[in-house]
Amino acid sequence: TTTCASSAACPGSICLPPANDPTSTSGHCAVNTDETDVSTHFPAMVQDTASAVAELRAQGCDLVVALSHVGVNDREINTLLAMGLPANSATASEEILLAKAVEQALGQNGVRGLDLIIGGHSHTALMSPLVITYPGSSHATYLVQAGSYGRYIGQIRLTQADPGSEWTLDLAASHLNPVD
């Protein structure tokens with residue numbers, strides 16, 4: 001990652017302070033200039049996301065929502081759904097891999113990962129949320145995308161039985177609505 005003191009040092013990006021010190025005068029560029037280097041970018045994205053989620057949980061945040069622009073692989077998702085396999089089986093859909101990696105990184109310390117990812121980039125219209133579950137855990141991450149070009153507006157309802165308990169998806173109230 002590229003270190004910076006201002007956004008001027010990050011062509012096409014912005015300079016972000018470290019999550020553990022938001023008042024720092026130095027940080028890292030949000031996007032490296034060579035975005036094709038997945039071996040560098042994906043682990044950095046997981047680390048940054050896990051760090052932010054851990055900080056939010058430590059501050060008492062009960063619901064953590066990520067706005068993402070890394071997408072899912074349409075073909076992979078459609079194949080998994082057609083075969084009756086869970087979204088957890090995905091190996092090429094970055095938003096799913098992100099959710100799983102953050103959960104794995106934080107779960108080792110008993111910290112819940114992301115509750116909801118509102119995604120994009122792939123222009124996928126997920127007509128109902130994908131549910132990412134984790135072996136040995138009651139926690140789930142819900143993944144939604146509303147397609148592209150304003151064709152849909154998404155609606156999602158998450159509920160809790162008790163304050164502090166796991167969020168659960170109300171599938172009947174969570175879907176895409178066409179815009180006409």
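FYI, the numbering just counts along the sequence from 1.
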J.: Test of understanding: with side-chain hydrogen bond (donor to acceptor under 3.5 Å, both in side chains), list the residues that count as partners of N88, not counting sequence neighbours.
T.: T133

J.: With sequence neighbours left out, what residues match R151 under salt bridge (charged side-chain N to carboxylate O under 4.0 Å, His left out)?
T.: none

J.: Apply salt bridge (charged side-chain N to carboxylate O under 4.0 Å, His left out) to D170 and list each qualifying residue two or more places apart in sequence or on a separate chain.
T.: R157

J.: Work out which heavy atom in H139 is nearest to a heavy atom in D115; give both atom names and the distance.
T.: NE2-OD1, 3.1 Å

J.: Share the residues that join I153 in a hydrophobic cluster, the rule being Ile, Leu, Val, Met, Phe, Trp or Tyr side chains under 4.5 Å apart at the heavy-atom level.
T.: V179

J.: Are side-chain heavy atoms of V72 and E94 found at a separation under 4.5 Å?
T.: no

J.: Under 3.5 Å, is there a donor-acceptor pair between the side chain of S89 and the main chain of P86?
T.: yes

J.: Apart from Y142 itself, which Ile, Leu, Val, Met, Phe, Trp or Tyr residues share its cluster (side-chain heavy atoms under 4.5 Å, direct or through members)?
T.: L63, V65, L67, L116, I118, V131, V144, I156, L158, W167, L169, L171

J.: Closest heavy-atom contact between P129 and S174?
T.: CD-O, 3.6 Å

J.: First locate atom CG of N73, then atom CD of E95, and finally report the distance between them rounded to the nearest 0.5 Å.
T.: 11.5 Å

J.: Considering non-hydrogen atoms only, spot the tightest contact between L114 and A66 and give its length.
T.: CD2-CB, 3.8 Å

J.: Restricting to side-chain hydrogen bond (donor to acceptor under 3.5 Å, both in side chains), what partner residues turn up for E76, sequence neighbours left out?
T.: T91, S93

J.: Could you pull out the closest heavy-atom pair between A99 and I117, with the gap in Å?
T.: CB-CD1, 3.8 Å

J.: Who clusters with M83? Use side-chain heavy atoms, under 4.5 angstrom, across I, L, V, M, F, W and Y, and order the result by chain and number.
T.: L80, L85

J.: Using the salt bridge (charged side-chain N to carboxylate O under 4.0 Å, His left out) criterion, which residues pair with D62? Sequence neighbours excluded.
T.: R112

J.: Can you tell me if Q155 uses its side chain to pair, donor with acceptor, with the backbone of H175 under 3.5 Å?
T.: no

J.: Can you list the other members of the hydrophobic cluster that holds M127, where links are side-chain heavy atoms under 4.5 angstrom apart?
T.: Y152, L176

J.: Would you please say whether a donor-acceptor pair under 3.5 Å links the side chains of H28 and D48?
T.: no

J.: If we only count heavy atoms from C-beta on, is the I96 to I77 side-chain gap below 4.5 Å?
T.: yes

J.: Name all residues meeting the ring pair (Phe, Tyr, Trp, His ring centres under 6.0 Å) criterion together with H123; count only those two or more places apart in sequence or in a different chain, and write none if there are none.
T.: Y149

J.: Among all residues two or more places apart in sequence or in another chain, which pass the side-chain hydrogen bond (donor to acceptor under 3.5 Å, both in side chains) test with E166?
T.: none

J.: Distance-only, no hydrogens or angles: does the S165 side chain make a donor-acceptor pair with backbone N or O of D162 under 3.5 Å?
T.: yes

J.: With a 3.5 Å cut-off and no angle check, do the side chains of E103 and T141 form a donor-acceptor pair?
T.: no

J.: Which is it for Q145 and S122 under the side chain to side chain donor-acceptor pair (under 3.5 Å) test, yes or no, and what are the steps along the way?
T.: CA-CA 9 Å; Q145 289 191 21; S122 58; 3.2 Å; yes

J.: State which residues pass side-chain hydrogen bond (donor to acceptor under 3.5 Å, both in side chains) with H121; sequence neighbours excluded, sorted by chain then number.
T.: none

